[in-house]
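These notes concern the structure reproduced below.
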Amino acid sequence: MSSLSLAARHDALLVDLDGTLIRGSQPIPGAAEALANAGLPVVYVTNNASRSPRDTADHLRSLGFSAGADDVMTSAQAAVVMAADHVDPGARVLVVGHDSFRDLARQAGYEVVLSADDDPEVVLQGLSRELTWSDLAEGCLAIRRGVPWVASNVDATLPTERGLLPGNGSLVAALRAATDREPLVAGKPAAGVLTAAADLVGSTRPLVIGDRLDTDIQGAVAAGMPSLMVLTGVHGVDDLLVADPDSRATYLADDLSALSASAEASRIDAAVELDGTVENGALHLTSAPEALDRLDLARAVVRLAWRHESKAFRAADEGLRSRLAGAGLGVG
């Protein structure tokens, strides 16, 4: 096994915020130190469009992270960039979201309007904790007229210190139901926001780090970038095991401390090979070395399931079933 650390294999870290570095207003223990010790450029890539890049950086610094506004790439920034593919410079824009999102649109040269009666040429939608029914209503009217609709992201939930709360995707769902339209999506899992983040620091060997398969990891796959899934947020090992190929992480670890450990230690396709057979579409796991710790066992089972393209599996005995449950895997 190579002694080269995971961080040393890459030239930049493209890191998610909510669920990866922070939960609401609280930092995840050890995350700031792990990033600092990695010694690599960090771009903070977030689907949270409720803060400006500067406010996001200020918030991160208050929690112990080294961050400036130029180190942040938000899905709102990506949405403003995407709008340029659909409307002319200076177009009228209706923003269903936070004031900071409107500021980004103005900085890009767009005319920001507040009502569907002002004939907006595009609707941009992002998370805002102050969003009202009236805001959604204006967006609904404009979208129903057929103008382009760009959502900063479609994350259904937002991890906080109190638990999972409604994310922008939940608000997008309201307009989807009211308009029978589908939005264009700017943030993860779209590849563009990650490509832009890598370009920001001139990276050719970036590592994407996140907690969500449907945004962070799927975005990394779409961008052709390796990814590290951490177990500090929304998705767990059982979610990863049943993930489709477009949402499969390269590495799996509890948290960002894996950056200083050997890259091969957390690489899923380098995990121990286990014995198993497939019967009636279900993978039957017959044994696993007792020396495997919880996370090594999880990686090994995920690798085996992916190899057999099986999303259901069973353990041979109660002892193995108990070990798998401890690794975050429910079995039949």
Side-chain angles (χ1 to χ4, degrees), residues 6-7 9-22 31 35 38 40-49 51-53 56-57 60 65 67-85 101 104 124 126-127 150-155 158-159 167-169 183-230 232-235 240 243-253 256 258-259 263 268:
L6 179 55
R9 291 284 183 92
H10 302 278
D11 63 359
L13 304 176
L14 312 184
V15 189
D16 174 58
L17 273 62
D18 297 297
T20 302
L21 300 182
I22 59 178
L35 289 184
L40 293 175
V42 177
V43 182
Y44 301 92
V45 185
T46 176
N47 269 3
N48 188 341
R51 286 193 179 101
S52 69
T56 298
L60 286 168
F65 296 93
D70 292 341
D71 303 321
V72 175
M73 178 64 63
T74 73
S75 60
Q77 290 171 282
V80 171
V81 171
M82 182 178 286
D85 295 331
F101 203 165
L104 288 172
L124 303 181
L127 181 65
V150 183
S152 62
N153 69 83
V154 288
D155 295 2
L158 178 69
N168 191 54
L184 302 165
V185 180
K188 298 171 287 184
V193 68
L194 291 170
T195 301
D199 290 344
L200 195 63
V201 290
S203 172
T204 58
R205 293 181 292 110
L207 175 67
V208 178
I209 306 175
D211 67 298
R212 296 185 69 121
L213 297 172
D214 55 348
T215 55
D216 309 314
I217 307 307
Q218 190 173 339
V221 173
M225 299 174 181
S227 60
L228 166 64
M229 176 182 169
V230 291
T232 50
V234 172
H235 287 139
L240 183 62
D244 291 329
D246 66 355
S247 302
R248 292 177 180 176
T250 313
Y251 304 94
L252 172 66
L256 294 182
L259 291 171
I268 294 170

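These figures come from a predicted structure and were not determined experimentally. Nothing fancy with the numbering, it's 1 onward along the sequence.
Residues G126 and F101 share a closest heavy-atom pair of N-CE1, 3.6 Å. Of all non-hydrogen atoms in A186 and A78, the two that sit nearest each other are CB-C, 3.7 Å. Residues M82 and V185 share a closest heavy-atom pair of CE-O, 3.3 Å. The shortest heavy-atom contact between D11 and P41 is O-CD, 3.3 Å. For H235 against M229, the heavy-atom pair with the smallest separation is O-CE, 3.4 Å. Taking both residues in full, the closest heavy atoms of A198 and M225 are given as CB-CE, 4.0 Å, listed atom of the first, atom of the second, then distance.
Taking CG from L228 and CG from L14, the interatomic distance works out to 12.0 Å, rounded to the nearest 0.5 Å. The OG1 atom of T204 sits 11.0 Å away from the CG atom of D199 when rounded to the nearest 0.5 Å. Atom CD in Q77 sits 9.0 Å away from atom OG in S75 (nearest 0.5 Å). Within the model, atoms CG of D18 and CG of L158 stand 4.5 Å from one another, a figure rounded to the nearest 0.5 Å. With rounding to the nearest 0.5 Å, the separation of CG in L240 from CZ in R248 is 8.5 Å.
Two residues are said to be in side-chain contact when any heavy atoms from C-beta on lie closer than 4.5 Å; R9 and P226 fail this criterion. With a 4.5 Å cut-off on side-chain heavy atoms, L60 and Y44 count as touching. Looking at heavy atoms from C-beta onward, V201 lies out of side-chain contact with P206 at the 4.5 angstrom threshold. At a threshold of 4.5 Å between non-hydrogen side-chain atoms, the residues R51 and T74 do not count as touching.
For the side-chain hydrogen bond (donor to acceptor under 3.5 Å, both in side chains) with K188, the qualifying choice from N47, T46, D216, D155 is D216, the only one to do so. The only member of D16, L21, L256 that meets side-chain contact (heavy atoms from CB on, under 4.5 Å) when paired with I209 is L256.
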Would V234 and D214 count as a side-chain contact (heavy atoms from CB on, under 4.5 Å) here? Give the steps. CA-CA 10 Å; V234 172; D214 55 348; over 6 Å; no
Criterion side-chain contact (heavy atoms from CB on, under 4.5 Å) on I22 and F65, from CA distance to verdict: CA-CA 10 Å; I22 59 178; F65 296 93; 4.0 Å; yes
Walk me through whether T215 and N153 qualify under side-chain contact (heavy atoms from CB on, under 4.5 Å). CA-CA 9 Å; T215 55; N153 69 83; over 6 Å; no
Please assess T20 against D211 for the test side-chain hydrogen bond (donor to acceptor under 3.5 Å, both in side chains), listing each intermediate value before the final yes or no. CA-CA 6 Å; T20 302; D211 67 298; 3.2 Å; yes
Would L259 and L35 count as a side-chain contact (heavy atoms from CB on, under 4.5 Å) if you check the C-alpha gap in whole Å, the side-chain angles of each, and the deciding distance to 0.1 Å? CA-CA 8 Å; L259 291 171; L35 289 184; 4.2 Å; yes
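Between the side chain of T250 and the backbone N or O of S227, at least one donor-acceptor pair lies under 3.5 Å.
Around the CG atom of D70, the shell of radius 6.0 Å holds no more than 12 heavy atoms that belong to other residues, nucleotides or ligands.
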